[in-house]
Enquirer: 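Let me begin by handing over the structure; questions about it come next.
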Number of protein chains: 2
Amino acid sequence: MQSKFIETLGYADVAQEKQITPWEVQGELTDTDYQKVAREFGAKIIDPELTEMIRSAAGEVHPYITNGTFFAHRDLDMLLSDYRSGKRFYLYTGRGPSGKMHLGHLIPFIFTKWLQDRFGADLLIQITDDEKFLFRDLEMEDIRKYTEENILDILSLGFRPENTHIIVDSEQAGILYNQAIRVARHINVSLARDVFGFSDSDNVGKFFFTSMQAVPAFLIPALTGRDERCLIPYAIDQDPHFLVARDVLPKIGYRKPSSIISKFMPALKGSGKMSSSDPNSGIYLDDDPKTVRKKMMKYAFSGGRATAEEQRKFGAVPEIDFAYNIYKLLEPDQGKVRKVYEEYRRGALLSGEMKQIATDKINEFLEELRARREEVRSEVDAYRFSIDKVMR
Amino acid sequence: MQSKFIETLGYADVAQEKQITPWEVQGELTDTDYQKVAREFGAKIIDPELTEMIRSAAGEVHPYITNGTFFAHRDLDMLLSDYRSGKRFYLYTGRGPSGKMHLGHLIPFIFTKWLQDRFGADLLIQITDDEKFLFRDLEMEDIRKYTEENILDILSLGFRPENTHIIVDSEQAGILYNQAIRVARHINVSLARDVFGFSDSDNVGKFFFTSMQAVPAFLIPALTGRDERCLIPYAIDQDPHFLVARDVLPKIGYRKPSSIISKFMPALKGSGKMSSSDPNSGIYLDDDPKTVRKKMMKYAFSGGRATAEEQRKFGAVPEIDFAYNIYKLLEPDQGKVRKVYEEYRRGALLSGEMKQIATDKINEFLEELRARREEVRSEVDAYRFSIDKVMR
């Protein structure tokens with residue numbers, strides 16, 4: 001039955017073809033690819049009707065939805081319709097602390113913060129230090145260092161302490177493991193292998209880990225008894241984890257989590273995800289303005305033409321241009337974004353100018369972030385998960 | 001390399017032939033079988049030299065060693081020689097709380113208590129409620145009930161509270177999981193499948209579990225930094241778990257645990273282990289004197305002859321007689337045991353008389369146990385594991 005589940009979703013095939021697993025992404029996806037992958041995974045594309053439902057519930061629609069960054073979902077319509085009839089839901093997202101954070105890592109958190117603010121929702125942020133220990137050749141002390149730094153980075157965005165619950169797996173391992181074995185009973189080795197592409201030489205912790213990652217998707221109901229749905233914003237490469245969670249949770253008495261799914265974040269060099277292993281593959285949150293400028297000028301993949309002359313004549317392809325794409329994600333004023341798009345598209349802006357605009361935006365964003373980062377440093381404990389805090 | 005480890009020990013073959021896994025034992029083993037299995041698993045038989053080493057260190061030798069109940073070991077000689085030069089060791093044993101306890105379950109604890117008393121050793125008792133949840137069709141609330149009852153049963157034997165640390169996996173899941181992932185990194189799915197006979201349709205929690213069971217074998221050094229060896233008394237069917245532990249622990253900076261290995265406990269009906277699933281397969285600790293008598297008379301496998309006349313003429317085979325075997329384990333006076341053996345062997349005792357002697361001994365033992373059980377009920381917390389307590 002479980003292998004039928006996989007067949008039905010065509011998961012294994014697509015994952016193989018596109019090499020999408022939660023740990024590795026290769027090749028570049030077009031919009032059509034994204035839609036195909038989402039459909040084959042059994043997710044739905046966010047259509048204008050659902051967009052209007054979001055607007056009506058949230059009072060506005062975040063640009064990441066209108067510009068297609070978050071483009072697919074599972075059961076978001078059901079969650080919103082419950083919300084309209086007065087039922088609360090909570091949010092769950094996470095971070096694997098295997099290195100310093102890039103801009104790309106932070107984008108989904110910007111969106112999550114919007115969801116928290118608009119819906120007054122509790123937010124669980126799972127920091128999967130155990131995952132990184134099991135999957136990477138890293139020692140726990142390094143992972144711990146990244147954990148503390150990454151938490152500061154995330155909190156710099158301004159989450160609400162009273163509604164935000166940071167779960168560091170190693171700190172809450174007891175609560176998580178006790179719930180995870182309930183999930184693990186329903187995941188066999190075949191399933192884990194098929195979904196995640198593991199082999200028999202992979203360690204048993206990797207096979208078990210998806211159970212740990214499933215826990216926050218039912219932790220609030222499990223601990224509090226409150227019948228709250230869970231909404232998980234994530235990039236599409238994390239979908240396998242939550243497909244498994246959706247399969248298992250009803251078997252142990254909980255609702256399937258809803259999800260809102262993003263494309264991969266723009267990559268500085270134009271392809272793949274930003275990678276922690278290549279320092280020039282993305283812009284770190286602690287890159288100083290000069291470094292940001294240098295990376296942008298030297299590495300940022302451009303959708304502009306080879307020469308200024310050609311650019312003036314034919315215009316750029318903003319869709320594949322890192323500078324434009326990151327600007328689009330960091331500039332809240334959609335009027336400005338549209339203007340830049342049109343000018344760049346028709347060649348009124350040169351590639352270097354586009355990079356300049358984006359560089360300024362990035363540096364402005366990072367500067368604000370770093371200022372708030374110092375403020376939040378002494379307040380981290382207020383954001384940590386505890387049973388007492390979620391019971392309130 | 002890991003599959004070579006298995007090959008070297010010939011583990012998979014023997015396990016297959018004898019169907020010995022930690023969860024299932026079939027067929028009856030002769031003394032020769034035991035020795036063969038132990039040797040093929042890479043364990044050593046306890047010889048007279050080692051027995052003298054034990055006597056010299058402990059001041060006496062427990063009858064379970066002289067009568068061959070505990071018959072094999074790994075690195076016990078090294079541990080004793082360290083002990084003689086002033087180095088402490090600690091003990092680790094456990095119980096899977098999937099049902100009420102039989103007499104047979106308690107025997108290894110009697111021996112462990114002797115070790116604790118004689119060597120003044122700390123003792124970790126792991127109660128693997130998570131294992132039972134992952135391996136059996138039991139719900140957590142049932143397992144919790146058995147956990148509390150089983151702990152009382154074990155403590156009734158009179159362990160020292162200051163040196164005894166009961167670790168209920170679900171209560172200490174955080175500490176255990178954080179250590180278990182260090183083990184899990186070194187156990188791949190192939191190894192777990194080969195050693196335990198799992199299949200791909202087994203759940204991922206089963207594959208992970210052996211990592212949890214390995215933790216107490218290095219928990220004292222891991223938490224306290226004290227360089228103490230660990231001695232694990234167990235029945236031979238648990239050997240696979242600790243073979244894996246011995247393979248992995250040096251890779252994460254700890255010593256291989258030593259072990260002292262017993263045969264299976266005598267089975268009321270004469271074959272296999274006593275089983276929790278058949279109420280008449282063994283004598284429960286809460287069986288009243290009348291029930292014990294009935295079970296002994298009706299079910300106890302006899303090594304006596306078919307008729308009183310034949311018995312008087314040919315004598316019994318005490319080695320395969322449940323009544324004799326359990327009497328041997330419960331009667332501390334070895335002079336009495338030898339006398340009974342000889343009389344029964346040559347036919348001076350009839351089968352019914354042997355059963356009567358054993359029944360009286362069992363009832364005497366159970367009565368004392370139940371009296372202490374009530375005394376210990378209010379003191380259970382004094383025996384629970386805590387980091388503070390092991391640090392002392």
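We use all heavy atoms of the structure for the numbers below, so side chains are in, but hydrogens, waters and symmetry mates are not. A, B, ... follow the sequence lines: proteins, then strands. Residue 1 opens every chain.
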Enquirer: Of the backbone (N, CA, C, O) and the side chain (C-beta and beyond), which part of A/D130 lies under 4.5 Å from a heavy atom of chain B, both, or neither?
Expert: both
Enquirer: What part of B/R193 gets closer than 4.5 Å to chain A, counting heavy atoms only: side chain, backbone, both or neither?
Expert: side chain
Enquirer: Tell me, yes or no, whether the heavy-atom count around B/E379 atom CD, taken from other residues, nucleotides or ligands under 6.0 Å, exceeds 12.
Expert: yes
Enquirer: Considering non-hydrogen atoms only, spot the tightest contact between B/N203 and A/A184 and give its length.
Expert: CB-O, 3.1 Å
Enquirer: Identify which of A/A192, A/A180, A/S201, A/S211 forms the greatest number of heavy-atom pairs closer than 4.5 Å to chain B.
Expert: A/S201
Enquirer: Of the listed residues (A/I175, A/N178, A/T210, A/V183), which shares the most heavy-atom pairs with chain B below a 4.5 Å separation?
Expert: A/N178
Enquirer: Without swapping roles, check the side chain of A/D200 against the backbone of B/S190 for a donor-acceptor pair under 3.5 Å.
Expert: no
Enquirer: Mind telling me whether A/Y177 and B/Y177 have parallel, tilted or perpendicular rings, with 30° and 60° as the class edges?
Expert: tilted
Enquirer: Show your working on side-chain contact (heavy atoms from CB on, under 4.5 Å) between A/N188 and B/V204 and close with a plain yes or no.
Expert: CA-CA 5 Å; A/N188 66 30; B/V204 293; 6.0 Å; no
Enquirer: For the CZ atom of B/R185 and the CZ atom of A/R136, what is their distance to the nearest 0.5 Å?
Expert: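 Interatomic distance, B/R185 CZ to A/R136 CZ, rounded to 0.5 Å: 12.0 Å.
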Enquirer: Rounded to the nearest 0.5 Å, what's the gap from CD1 on A/I187 to CZ on B/F207? Could you check?
Expert: 13.5 Å
Enquirer: List the steps, then state whether side-chain contact (heavy atoms from CB on, under 4.5 Å) holds for B/I181 with A/M140.
Expert: CA-CA 11 Å; B/I181 58 176; A/M140 257 300 173; 4.0 Å; yes
